[in-house]
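See structure below.
Heavy atoms only: backbone and side chains are in, while hydrogens, waters and symmetry mates are out. In this text the structure is predicted, and so the values were computed from the model without any measurement. If you read the sequence from its start, that first residue is 1, and numbering goes on from there.
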Amino acid sequence: MPQSQEIAGPGEGYFAVLPDCAESLAAARHFDSPGTRILPYASGRPWLVGRWSGEEIVAVRTRRANIAVLGCCPVDAAELERRADRLRDLAELEQLARSLPGSFHLVAEFGGRLRVQGTASGLRLVFHASVEGIRVAADRADVLASAAGCGPDEEQLAVRLLWPVPYPLSETSVWRGVTAVPAEDALLIAPDGRSFRHARWWTPPEATRSLEDGAGEVRAALSEAVRVRTRDGGVVSCDLSGGLDSTSVTFLAANTPARVVASTWPGRDPADSDLRWARHAAQYLPDVEHVIWDADASPLVYTDLLSIDDPLDEPTIGVMDRARVLHHLPGLAQRGSRLHLTGIGGDHVAWCSEAYYHRLLRTHPVHALRQLRGFRTLWHWPLRDTVRALADRRPYGRWLADAARQLHDPLPGTVSAALGWGTPPRLFDWVTPEATRVVERALAESAATAVPLAPDRGMHADLEQIRACTRIIRQWDAMAARAGLPMASPFFDDRVIEACLAVRPRERVTPWAYKPVLTRAMRGTVPESCLQRRNKAHASMDASNGLREHRADLMALWDGSELARLGLVDSGRLRALAARPSTPGLREAILYSTIACEVWLRTLSGTPEAKAPAAP
């Protein structure tokens, strides 16, 4: 591993990648703050600059190449050196990236050319910008914006007021001059540091495996995802909500060298059965310490919105649940936990979108009709709306263009979202006419060139939902690390996602079984009685109570609103809405995107009370 030396850089944990050219010395000075490290090229110029711990990086420098893996990955320096010595072209790193378990960034230099990539899940992203005339990459957009002297992009911020924000607008940077690399692409930078391009490195697998064959692959991938985080022993904590996802992770962790503390947070709703299922699972884990928290002491949704000071590189609806996510981490750290494992992601990969049946109706009509009848009963889909959704054959770009003309229509029914390209975005009456025109134009421009994440609308919906969730999780992970106990979500490792997506959708999503892939995969690991649960809690009471109890905070949020200062929202309408927390529409989370943008602007200066700089 190249010798590291202390230099400086802004922000919390991050890294930036610089090309091996004369201007890199000047560019590196923009990351100058106490505590930052640098890994140099053989020339002595900076290659990697940032803040990381020794456990988060494996880096080697050979006569042929520089390679670094940053994040969670079991690869060691000896293996990386062998790969570097055999490297003939940077494109060969695609095979390496798709063979390693864990969740990590892969950075390499060969012949003066750079390659930087994150994860297909979107949990680890890559951004780039021009700093001192050369292209610099980083895993945080705000760090690059600071180095490049860029401010927030007012138009992109207006787009983020959509509910929900559709692909690909959901994956753009909210900073002027900072470009986001699609999760499926790698960033390639030429030796001169000026020329660059994106290159596809990941495509979703063909969904051809049977449930029986695929379950074995899912079990192996998820077991390895847990093992790479627990193989060094010590104490780790796990969510044990009683749901199938967290229960699976807890049992897998209990079979590793680590000592496990299981954490159960009961819901406030008397109908919530989480605690009963969690206690039942704990009976089969005699060596696991089971901690049950006081439900009434746990924060509600919308708690502490006015005091959030985390450095966020983009708005996130995760701020609504920040207090809930972090609340129990200090208690788990006091019990010795070095890492907290969650079951987040199981809903996104072990299940899949019903939109696959739009295609399956045409390729396997008898099977699809039987399944669709079951879905109609299960989700209460009206027959007319179901038929209309199945008959809709618009390509993705046309669907997006139509959405631009329907932004103020009533919220669509669930069946159109479930069987279509996704939930059509909406704007609400507190968004100003000027901001609405910006959003309409952005949607129309995007629709002209938009290509879905996959031709099959089911696979597109799966990938979009995975990425929408990981953009929240990456911010929660940063918040948790800053609070003193890092988090990890093994279901969102690329190898786990690939194993799940490879199972035939007609077996992966069915009205007759709950998460059949995960249930089959965990047989023999999780007791059969723990696999019988067929539902999950939704914490709707915590959300509705949060609206009422934190009404004053929501009112205060719109006093001196940064969004209003930028002309994007009408703060008077928002105050009036906050005064009526029982308004039926609020149950649909329609405020989330607006709150996310307001909180983000308030955090830019480092203190929630300070005003964010005006957008250029």
Side-chain angles (χ1 to χ4, degrees), residues 120-123 162-171 182-184 202-208 317 344-364 368 371-372 374-376 378-379 381 385-386 388-403 411-426 443 446-447 450-473 491-492 494 496-511 515-518 589:
S121 70
L123 189 58
L162 284 166
W163 181 255
V165 185
Y167 174 86
L169 294 172
S170 56
E171 301 195 355
E184 69 273 13
W202 188 87
T203 54
E206 292 292 327
T208 57
I317 64 172
I344 299 172
D347 287 339
H348 303 77
V349 303
W351 191 250
C352 68
S353 171
E354 294 88 353
Y356 283 102
Y357 283 91
H358 191 277
R359 173 178 58 84
L360 290 172
L361 181 63
R362 293 156 176 82
T363 58
H364 298 79
Q371 301 292 88
L372 286 164
F375 284 126
R376 282 193 57 230
L378 182 65
W379 305 124
W381 290 344
D385 293 346
T386 303
R388 184 183 297 115
L390 291 168
D392 181 3
R393 305 190 70 168
R394 287 175 296 172
Y396 186 69
R398 173 68 182 280
W399 176 84
L400 203 59
D402 290 344
L411 292 170
T414 57
V415 63
S416 64
L419 296 177
W421 286 110
T423 301
R426 294 291 185 261
L443 275 170
S446 179
V451 177
L453 289 164
D456 186 297
R457 62 185 63 196
M459 181 66 80
H460 167 84
D462 278 355
L463 294 175
E464 185 176 24
Q465 288 305 305
I466 287 169
R467 293 187 184 183
C469 188
T470 56
R471 292 190 90 92
I472 299 171
I473 303 306
F491 277 105
F492 279 139
D494 284 356
V496 179
I497 293 171
E498 290 163 353
C500 291
L501 294 181
V503 178
R504 292 192 293 249
R506 63 179 181 270
E507 296 184 74
R508 187 154 59 99
V509 59
T510 167
K515 298 184 182 177
V517 173
L518 188 58

Subject >> Inter-residue atom distance Q465.CD - C352.SG, 0.5 Å rounding >> reply: 12.0 Å

Subject >> Under 3.5 Å side-chain donor-acceptor pair for Q371 and T510 >> reply: yes

Original post:
Would you find a donor on one side and an acceptor on the other, under 3.5 Å apart, between the side chain of W421 and the backbone of R394?
Top reply: yes

Subject >> Nearest heavy-atom neighbours spanning P516 and W351 >> reply: CD-CZ3, 4.0 Å

Original post:
Between R467, R508, H348, R457, which is the residue that forms a side chain to side chain donor-acceptor pair (under 3.5 Å) with D462?
Top reply: R508

**OP:** For the residue pair T423 and S416, establish whether any side-chain heavy-atom pair is separated by less than 4.5 Å.
**Re:** no

Subject >> R388 with D392: basic N within carboxylate O range, under 4.0 Å >> reply: no

Original post:
Hey, are the side chains of L463 and P204 touching, using non-hydrogen atoms and a 4.5 Å cut-off?
Top reply: yes

Subject >> pair L372-L360: side-chain heavy atoms closer than 4.5 Å >> reply: no

Subject >> Any donor-acceptor pair under 3.5 Å from S353 side chain to A461 backbone >> reply: no

**OP:** Could you check whether the rings of H460 and Y167 sit parallel, tilted or perpendicular, using 30° and 60° as the cut-offs?
**Re:** perpendicular

Original post:
Has the side chain of T470 got a donor or acceptor atom that lies under 3.5 Å from a matching backbone atom of I466?
Top reply: yes

**OP:** Could you pull out the closest heavy-atom pair between P205 and E498, with the gap in Å?
**Re:** CG-O, 3.5 Å

**OP:** Evaluate whether atom CZ of R398 has more than 12 neighbouring non-hydrogen atoms of other residues, nucleotides or ligands under 6.0 angstrom away.
**Re:** no

**OP:** Identify the heavy atoms of A207 and V503 that sit nearest to each other, and give their distance.
**Re:** CB-O, 3.7 Å

Original post:
Is the shortest heavy-atom distance from the side chain of L518 to the side chain of F491 under 4.5 Å?
Top reply: yes

Original post:
Between atom OG1 of T414 and atom CG of D385, what is the distance when rounded to the nearest 0.5 Å?
Top reply: 8.5 Å

Subject >> Where W202 and A120 come nearest, the two heavy atoms and their spacing >> reply: CD2-CB, 3.3 Å

Original post:
Can you name the closest pair of heavy atoms from V415 and A389 and give their distance?
Top reply: O-CB, 4.1 Å

**OP:** Decide yes or no for L453 and E464: does some side-chain heavy atom of the first lie under 4.5 Å from some side-chain heavy atom of the second?
**Re:** yes

